[in-house]
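Notes for the one structure printed next.
We use all heavy atoms of the structure for the numbers below, so side chains are in, but hydrogens, waters and symmetry mates are not.
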Amino acid sequence: MQLIECPYCGPREEVEFHYGGQAHIAYPETPSELSDEEWARYVFFRDNTKGEFAERWSHSGGCRRWFNAVRDTRTYAFHSTYRIGEKP
């Protein structure tokens, strides 16, 4: 069992967390002005990095807060976790 460091609660077992996708994706300023193709790109197209990757995670089995993590997608090892709005 792997421990993940929640920036609010401390280390907890990985079963308490849920993956939320790529981090640092800005919501479109005027989504109603996007074409269907642009909206589909925003919703579905994400990087597929091999190596260190910034992701969003939720501590759904604990404090229920969202945070960011830098994880190596090759080894599943977490290198850092940080609150939304902070830098890694």
Geometric class of the Phe17/Phe67 ring pair [parallel <30°, tilted 30-60°, perpendicular >60°]: perpendicular
Pairwise side-chain contact, Asp47 with Gln22, heavy-atom cut-off 4.5 Å (strictly under): yes
Gap between atom NZ of Lys87 and atom OG of Ser80 - 0.5 Å precision: 13.5 Å
Neighbour count above 12 (heavy atom, 6.0 Å) for Tyr19 OH: yes
Backbone of Glu38 reached by a side-chain donor or acceptor of Ser35 within 3.5 Å: yes
Aromatic plane relationship, Tyr42 with Trp39 - under 30° parallel, 30 to 60° tilted, over 60° perpendicular: tilted
Nearest-0.5 Å distance that lies between atom CZ in Phe78 and atom CG in Leu3: 11.0 Å
Inter-residue atom distance Glu16.CD - Ser58.OG, 0.5 Å rounding: 11.0 Å
Residues that Arg74 engages under salt bridge (Lys or Arg N to Asp or Glu O under 4.0 Å), provided they are two or more places apart: Asp72
Salt bridge (Lys or Arg N to Asp or Glu O under 4.0 Å) partners for Arg56, two or more places apart: none
Donor-acceptor under 3.5 Å (Thr49 side chain, Gly51 main chain): no
Mutual orientation of the aromatic rings belonging to Tyr82 and His24 [parallel < 30°, tilted 30-60°, perpendicular > 60°]: parallel
Residue pairs passing the side chain to side chain donor-acceptor pair (under 3.5 Å) test where at least one lies in residues 60-71, sequence neighbours excluded: His18-Ser60, Glu55-Arg71
Sub-4.5 Å side-chain heavy-atom contact between Cys6 and Cys63: yes
Value rounded to 0.5 Å, distance of CZ in Arg41 from CG in Leu34: 12.5 Å
Flag if over 12 foreign heavy atoms under 6.0 Å of CD, Glu86: yes
Between OG1 on residue Thr81 and NE2 on residue His59, distance to nearest 0.5 Å: 11.0 Å
